[in-house]
Visitor: 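Starting off with a structure, shown below.
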Amino acid sequence: MPRPQKEKTIKTTVLKTGAVFLAAYLLSLVLWIQVKDLYAHGMVVVASKVVAGIKGCRLEELVREGDIIQATFSPLGREAGMLVDIPVKTSSYTFNMPLTVAIMASLYPVVSKRRRAYLEAFLILLAVHMLYIVSLELNQLTAIFIDRGLEGPAGPAALLYEYIWSFTDNMIVRFEPFLLGCYLYLRYRTQGMWPPKAIP
């Protein structure tokens, strides 16, 4: 391809990508406001049931108060009447959702195998959010049980829960849009985009 034609193609691709990013960000921001609470409730329900199974508890109820969904657990066979409330702030793990969607959408012109690529990206996104909620609840429940004498001193499991939650909160969630963007581009970019060869 002659150099002027190649530069024109790259410029067109960049402009198209920018336009898609802006449109996708505005649209996803409006839509996200409408579905955020429903999405968060579903995620906390599933995550809390997983946590209840791991910790040997019963999930008593979920109560939403503004941006916070409070999950209430009760231990089974230990202090049966005790209730433990774990608040999960929705915006703590979904604050960059519109940006994530916009970045993924802006890569549409340069991504191949689009159905597979975006399915994988959204599954990774769901997994990150689920990991955040599960590790948060496990970390807090474990700390409360240790404090109230329902569990022994902090062992490897308690340290693992704390590490996973801290890493997810401070690293993965905050860089989520760019990590998913890099994943889509590096794995599914079309031929001819830098680097020249796609990752198999």
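Scope of the values below: all heavy atoms of this structure, side chains included, with no hydrogens, waters or symmetry mates.
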Visitor: Do you know the tightest heavy-atom contact between A158 and N139?
Guide: O-OD1, 4.4 Å
Visitor: Is there side-chain contact between E65 and P87, with heavy atoms separated by less than 4.5 Å?
Guide: no
Visitor: Could you tell me whether the side chain of D67 and the main chain of S91 form a donor-acceptor pair under 3.5 Å?
Guide: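 Yes, because the side chain of D67 sits within donor-acceptor range (under 3.5 Å) of the backbone of S91.
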Visitor: Within a strict 4.5 Å, meaning less than it, do heavy atoms of the L59 and F73 side chains meet?
Guide: yes
Visitor: I need the I133 CD1 to L138 CG distance, nearest 0.5 Å.
Guide: 12.0 Å
Visitor: Do the rings of Y188 and Y183 sit parallel, tilted or perpendicular, given the 30° and 60° boundaries?
Guide: perpendicular
Visitor: Quick check on the hydrophobic clustering: are M130 and W32 connected, directly or via other members, by side-chain heavy-atom contacts under 4.5 Å?
Guide: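 Yes, it is one cluster - the side chains of M130 and W32 are joined through contacts under 4.5 Å.
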Visitor: How many angstroms lie between atom NZ of K49 and atom CG of L62, to the nearest 0.5 angstrom?
Guide: 9.0 Å
Visitor: First locate atom CZ of F178, then atom CG of N96, and finally report the distance between them rounded to the nearest 0.5 Å.
Guide: 8.0 Å
Visitor: Tell me the closest heavy-atom pair linking P177 and T100, and the distance in Å.
Guide: CG-OG1, 3.2 Å
Visitor: Determine the minimum heavy-atom distance between S28 and P98, stating which atoms define it.
Guide: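 The pair with the smallest heavy-atom distance is OG-O, 3.3 Å.
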Visitor: Using 0.5 Å steps for rounding, measure from the NZ atom of K55 to the CG atom of L150.
Guide: 9.5 Å
Visitor: Do the side chain of N170 and the main chain of S166 share a donor and acceptor less than 3.5 angstrom apart?
Guide: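 Checking the backbone N and O of S166 against the side chain of N170, a donor-acceptor pair under 3.5 Å is found.
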Visitor: Is a side-chain N or O of Y132 found less than 3.5 angstrom from the main chain of T94, in a donor-acceptor match?
Guide: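 Not a single qualifying donor-acceptor pair exists.
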Visitor: Rounded to the nearest 0.5 Å, what separates atom OH in Y185 from atom CD1 in I103?
Guide: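 These two atoms lie 14.5 Å from each other.
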Visitor: For S92 versus V173, what's the shortest heavy-atom pair and its separation?
Guide: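 Looks like O-CG1, 3.7 Å.
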Visitor: Within a strict 4.5 Å, meaning less than it, do heavy atoms of the M43 and I69 side chains meet?
Guide: no
Visitor: Any ring pair (Phe, Tyr, Trp, His ring centres under 6.0 Å) pairs touching residues 96-116, not counting sequence neighbours?
Guide: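 Of all non-adjacent pairs touching residues 96-116, none passes ring pair (Phe, Tyr, Trp, His ring centres under 6.0 Å).
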Visitor: Show your working on side chain to side chain contact (heavy atoms under 4.5 Å, CB included) between R116 and R187 and close with a plain yes or no.
Guide: CA-CA 11 Å; R116 175 181 172 182; R187 181 164 172 79; 3.0 Å; yes
Visitor: Taking L159 as the starting point, is it possible to reach L141 by hopping between hydrophobic residues whose side chains are less than 4.5 Å apart?
Guide: no
Visitor: Check whether any side-chain heavy atom of F21 lies under 4.5 Å from a side-chain heavy atom of L99, and answer yes or no.
Guide: yes
Visitor: Taking the side chain as every heavy atom from C-beta outward, state whether Y39 and T90 have any atom pair closer than 4.5 Å.
Guide: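 A side-chain contact under 4.5 Å is absent here.
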Visitor: Please check if the side chain of R174 supplies one atom and the backbone of D169 the other of a donor-acceptor pair under 3.5 Å.
Guide: yes
Visitor: Determine the minimum heavy-atom distance between I172 and L179, stating which atoms define it.
Guide: O-CD1, 4.1 Å
Visitor: Which pair of heavy atoms, one from P75 and one from C57, lies closest together, and at what distance?
Guide: CA-SG, 4.3 Å
Visitor: Measure the shortest side-chain to side-chain distance between L180 and F122 over non-hydrogen atoms and say whether it is less than 4.5 angstrom.
Guide: no
Visitor: Would you indicate whether the side-chain heavy atoms of R148 and V84 approach each other to under 4.5 Å?
Guide: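 Heavy-atom side-chain distance check passes, below 4.5 Å.
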Visitor: What do you reckon, is CZ of F175 surrounded by more than 12 foreign heavy atoms closer than 6.0 Å?
Guide: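 No, the 6.0 Å shell around CZ holds no more than 12 heavy atoms from other groups.
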Visitor: Report yes or no: do Y93 and L31 belong to one cluster of Ile/Leu/Val/Met/Phe/Trp/Tyr joined by side chain heavy-atom distances under 4.5 Å?
Guide: no
Visitor: Shared ILVMFWY cluster between W165 and I68, side chains joined below 4.5 angstrom?
Guide: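 In one cluster with W165: I68, no.
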Visitor: Which value, rounded to the nearest 0.5 Å, describes the distance between T142 atom OG1 and Q140 atom CD?
Guide: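 Going from the OG1 atom of T142 to the CD atom of Q140 covers 10.0 Å.
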Visitor: Following the transitive rule for hydrophobic clusters with a side-chain heavy-atom cut-off under 4.5 Å over Ile, Leu, Val, Met, Phe, Trp and Tyr, establish whether L126 and V35 coincide in one cluster.
Guide: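 Yes, L126 connects to V35 through the hydrophobic network.
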Visitor: Any donor-acceptor pair under 3.5 Å linking the side chain of S48 with the backbone of V45?
Guide: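 No, S48 side chain to V45 backbone: no donor-acceptor pair under 3.5 Å.
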Visitor: Measuring only between side-chain heavy atoms, which start at C-beta, is H129 closer than 4.5 Å to E176?
Guide: yes
